[in-house]
Asks: 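The structure that follows is given in the form of structure tokens.
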Amino acid sequence: MKHTLSVLLRNRPGALSRVTGLFSGRCFNIESLCVAETYDPQVSCLTVVTKGEAAIIEQITKQLHKLIDVIKVNDVSEGEFVEREMALIRVKAEASTRAEVLRIIDIFRGKVVDVSPNTYALEITGSESKIKAVIDILRPLGIKEIVRTGKIAMARAPKK
């Protein structure tokens, strides 16, 4: 089962390396990794997606807590959460297909972020399944390049 871990860690040199080293040293695979500063520039939020049974995820969590720079570890996939990815997709945009590309990206609430005589660069955000759906629909039109972020996730606020 996939688990999405949200890890707050001190924004120091080597902190990310120690976290990823923990995963590789114990033969745990990282499927997705995304990290950036939080509202506090001294703290980063690392979102890690990994697979494993509950016992393995518990072991990973305990090992992460032992790292000096780790402040907090939360398995957001244990409750309700919101997750998003972003993709930049460069597609062929010849005169005959430009309107179709624009219609598709509008349906998925995406944006055109760069235009050249023969291509559009598109930005799309959403769930993994939404990104996959856009890619599948654009593939016959001629995808030239794809760059994707990893997942970012946040637990939903309590509804009290």
Side-chain angles (χ1 to χ4, degrees), residues 1-91 104-111 113 121-160:
M1 181 174 159
K2 278 189 183 181
H3 289 265
T4 304
L5 304 175
S6 178
V7 182
L8 290 179
L9 67 154
R10 289 179 186 82
N11 198 2
R12 294 185 184 156
L16 177 61
S17 177
R18 284 186 284 282
V19 170
T20 57
L22 181 144
F23 277 81
S24 65
R26 287 159 182 80
C27 297
F28 300 134
N29 189 38
I30 295 175
E31 291 194 6
S32 171
L33 182 134
C34 194
V35 63
E37 282 183 358
T38 63
Y39 58 89
D40 178 356
Q42 300 298 313
V43 178
S44 290
C45 182
L46 169 71
T47 306
V48 181
V49 178
T50 189
K51 277 187 184 173
E53 299 301 320
I56 291 172
I57 300 305
E58 184 179 346
Q59 181 184 7
I60 291 171
T61 302
K62 285 179 181 177
Q63 295 294 319
L64 284 169
H65 278 294
K66 290 180 181 179
L67 296 177
I68 291 172
D69 293 319
V70 171
I71 299 166
K72 182 179 180 182
V73 180
N74 183 23
D75 185 353
V76 295
S77 53
E78 288 180 341
E80 291 187 38
F81 65 103
V82 178
E83 67 180 6
R84 293 290 182 268
E85 287 187 33
M86 183 178 77
L88 296 174
I89 306 167
R90 186 173 312 281
V91 296
I104 291 168
I105 204 65
D106 186 50
I107 289 168
F108 286 95
R109 296 188 190 125
K111 296 181 206 172
V113 294
L122 311 171
E123 173 189 308
I124 188 78
T125 60
S127 65
E128 183 178 4
S129 60
K130 179 180 177 181
I131 305 290
K132 184 183 179 321
V134 171
I135 291 169
D136 290 345
I137 290 172
L138 291 173
R139 188 167 278 120
L141 299 176
I143 293 176
K144 297 182 120 336
E145 183 180 4
I146 299 174
V147 180
R148 292 174 74 162
T149 65
K151 288 183 185 180
I152 56 171
M154 178 183 282
R156 288 193 182 269
K159 307 232 184 214
K160 294 182 181 178

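These values consider heavy atoms only, across backbone and side chains, with no hydrogens, waters or symmetry-generated copies. If you're wondering where the values come from, they're calculated on a predicted model, not measured in any experiment. Residues: numbered from 1 along the sequence shown.
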Asks: Can you find a heavy atom in the side chain of Lys111 that is under 4.5 Å from one in the side chain of Ile105?
Replies: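 The answer is no, as the side chains (C-beta and beyond) never meet within the 4.5 Å cut-off.
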Asks: Let me see the working for Val91 and Ile143 under side chain to side chain contact (heavy atoms under 4.5 Å, CB included), right down to the final yes or no.
Replies: CA-CA 4 Å; Val91 296; Ile143 293 176; 4.0 Å; yes
Asks: With a 4.5 Å cut-off on side-chain heavy atoms, are Arg10 and Ile71 touching?
Replies: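 Yes. Closest side-chain heavy atoms under 4.5 Å.
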Asks: With a 4.5 Å cut-off on side-chain heavy atoms, are Ile57 and Leu5 touching?
Replies: yes
Asks: CE of Met86 to CD1 of Ile89: how many Å apart, nearest 0.5 Å?
Replies: 10.5 Å
Asks: Could you measure the distance from the CG atom of Asn74 to the CG atom of Leu8? Nearest 0.5 Å is fine.
Replies: 8.5 Å
Asks: More than 12 heavy atoms of other residues, nucleotides or ligands under 6.0 Å from CD of Glu80: is that the case?
Replies: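 No, because the 6.0 Å sphere around CD of Glu80 holds 12 heavy atoms or fewer from other groups.
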Asks: Take Asp75 and Ser77, measure what side chain to side chain donor-acceptor pair (under 3.5 Å) needs, and give me the verdict at the end.
Replies: CA-CA 5 Å; Asp75 185 353; Ser77 53; 2.4 Å; yes
Asks: Which pair of non-hydrogen atoms, one from Ala155 and one from Phe81, has the smallest distance, and what is that distance?
Replies: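 Shortest heavy-atom separation between Ala155 and Phe81 comes out as CA-CB, 3.9 Å.
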Asks: Which heavy-atom pair separates Ser44 from Thr38 by the least distance, and what is that distance?
Replies: C-CG2, 3.9 Å
Asks: Is a salt bridge present between Lys132 and Glu128, judged by a nitrogen-to-oxygen distance below 4.0 Å?
Replies: no
Asks: Whether Lys2 and Glu83 form a salt bridge (side-chain N of Lys/Arg under 4.0 Å from carboxylate O of Asp/Glu) is what I want to check.
Replies: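 No, Glu83 and Lys2 are not salt-bridged.
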Asks: Atom CZ of Arg148 and atom OG of Ser32: how far apart are they, to the nearest 0.5 Å?
Replies: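 Those atoms lie 9.0 Å apart.
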Asks: Looking at every non-hydrogen atom in both residues, tell me the closest pair between Ile152 and Cys34 and how far apart they are.
Replies: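 Closest approach of Ile152 to Cys34: CG2-SG, 3.6 Å.
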Asks: With Ile56, which residues qualify under side chain to side chain contact (heavy atoms under 4.5 Å, CB included), at least two apart?
Replies: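 Counting only residues at least two positions away or on another chain, Ile56 forms a side chain to side chain contact (heavy atoms under 4.5 Å, CB included) with Phe28, Ile60.
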Asks: So do the side chains of Leu33 and Leu16 get within less than 4.5 Å of each other, counting heavy atoms only?
Replies: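 They are in side-chain contact.
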Asks: What distance separates Asn29 CG from Ser24 OG, expressed to the nearest 0.5 Å?
Replies: 10.5 Å
Asks: List the steps, then state whether side chain to side chain contact (heavy atoms under 4.5 Å, CB included) holds for Val134 with Leu122.
Replies: CA-CA 10 Å; Val134 171; Leu122 311 171; 5.9 Å; no
Asks: For Met154, is the CE atom crowded, meaning more than 12 foreign heavy atoms sit under 6.0 Å from it?
Replies: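 It does not: Met154 CE has 12 such atoms or fewer within range.
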Asks: Please report the closest heavy-atom contact between Ala87 and Ile131, naming both atoms and the distance.
Replies: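 In terms of heavy atoms, the two residues are closest at CB-CG2, 3.9 Å.
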Asks: Would you call Leu141 and Ile104 a side-chain contact if the rule is heavy atoms closer than 4.5 Å?
Replies: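 Leu141 reaches Ile104 side chain to side chain.
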Asks: Report yes or no: does Asn11 contribute a side-chain atom to a donor-acceptor pair with the main-chain N or O of Pro41 at less than 3.5 Å?
Replies: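 At least one qualifying donor-acceptor pair exists.
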Asks: Measure the OG-CZ distance between Ser127 and Arg84 for me, rounded to the nearest 0.5 Å.
Replies: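 One finds 7.0 Å between OG of Ser127 and CZ of Arg84.
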Asks: So which heavy atom on Arg18 is nearest to which on Asp69, and how close?
Replies: NH2-OD2, 2.5 Å
Asks: Can you tell me how far apart CG (Leu9) and CG (Leu64) are? Round to the nearest 0.5 Å.
Replies: 9.5 Å
